[in-house]
Amino acid sequence: MTLPMIGGDFFTRDFTVWPKVMNNNGYPGASFGDPVLMKCWFKATNEISKNASGQERVSKFKVLTFGDNLPNIKEGDYIVVGRDETLTLDPTALDDAIDIHSVG
């Protein structure tokens, strides 16, 4: 969720996002683009959310970001909230990486 009306000083926590890219190599599994470090506000939550396909899931976090230079965060991307992990190329290797279920 993007909130351009709130100042950047509100968004003080680091998070890393890995964009999921199409896997055209014929092997199963996801491929990810270069990780991007961003600033956010987040809170732990147990809310039920639906993705674009209508699948329901309990969310672990609600993450709010802002700015015109945000990457196009989408379902299927991965995030780690609270720290810089831009040296890690595969988010699935991290125990606390979370796949993004819904964006809105």
Side-chain angles (χ1 to χ4, degrees):
M1 177 181 292
T2 303
L3 298 177
M5 67 284 213
I6 297 177
D9 55 346
F10 180 74
F11 299 93
T12 59
R13 298 296 303 266
D14 288 337
F15 83 103
T16 307
V17 60
W18 291 262
K20 183 177 179 181
V21 295
M22 297 301 293
N23 185 353
N24 293 325
N25 60 12
Y27 296 100
S31 296
F32 298 95
D34 292 335
V36 177
L37 180 66
M38 301 173 64
K39 294 290 186 185
C40 71
W41 172 87
F42 73 93
K43 71 173 184 172
T45 182
N46 287 321
E47 297 176 13
I48 295 175
S49 63
K50 288 185 180 182
N51 66 10
S53 301
Q55 296 171 318
E56 290 185 344
R57 203 162 108 183
V58 177
S59 298
K60 294 181 182 180
F61 292 102
K62 181 173 280 190
V63 178
L64 304 175
T65 63
F66 83 105
D68 294 332
N69 297 325
L70 295 177
N72 185 18
I73 297 173
K74 63 192 176 308
E75 293 176 12
D77 292 350
Y78 269 70
I79 63 170
V80 167
V81 178
R83 68 180 188 278
D84 180 353
E85 283 288 349
T86 52
L87 296 178
T88 304
L89 298 179
D90 182 2
T92 62
L94 300 170
D95 290 337
D96 58 345
I98 302 166
D99 63 312
I100 296 175
H101 179 68
S102 65
V103 176

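- For Arg57, the side-chain hydrogen bond (donor to acceptor under 3.5 Å, both in side chains) criterion is met by Asp99, not counting sequence neighbours.
- In the hydrophobic clustering, Trp18 connects to Phe32, Tyr78, Val80, Leu94, either directly or through intervening members, whenever side-chain heavy atoms lie under 4.5 Å apart.
- Residues Pro91 and Ala97 approach most closely at O-CB, 3.1 Å, considering heavy atoms.
- When the side chain to side chain contact (heavy atoms under 4.5 Å, CB included) test is applied to Ile48, the partners found at least two apart in sequence or on another chain are Glu56, Val58.
- For Gln55, the side-chain hydrogen bond (donor to acceptor under 3.5 Å, both in side chains) test picks out Asn51, with sequence neighbours left out.
- Pro19 meets the side chain to side chain contact (heavy atoms under 4.5 Å, CB included) test with Lys74, Asp77; sequence neighbours excluded.
- The salt bridge (Lys or Arg N to Asp or Glu O under 4.0 Å) pairs that include a residue from residues 80-93 are Arg83-Glu85, Arg83-Asp96, where partners are two or more places apart or lie in different chains.
- Only one option out of Ile79, Val81, Leu37 pairs with Val17 in a side chain to side chain contact (heavy atoms under 4.5 Å, CB included); it is Ile79.
- Residues meeting the salt bridge (charged side-chain N to carboxylate O under 4.0 Å, His left out) test with Glu75, sequence neighbours left out: none.
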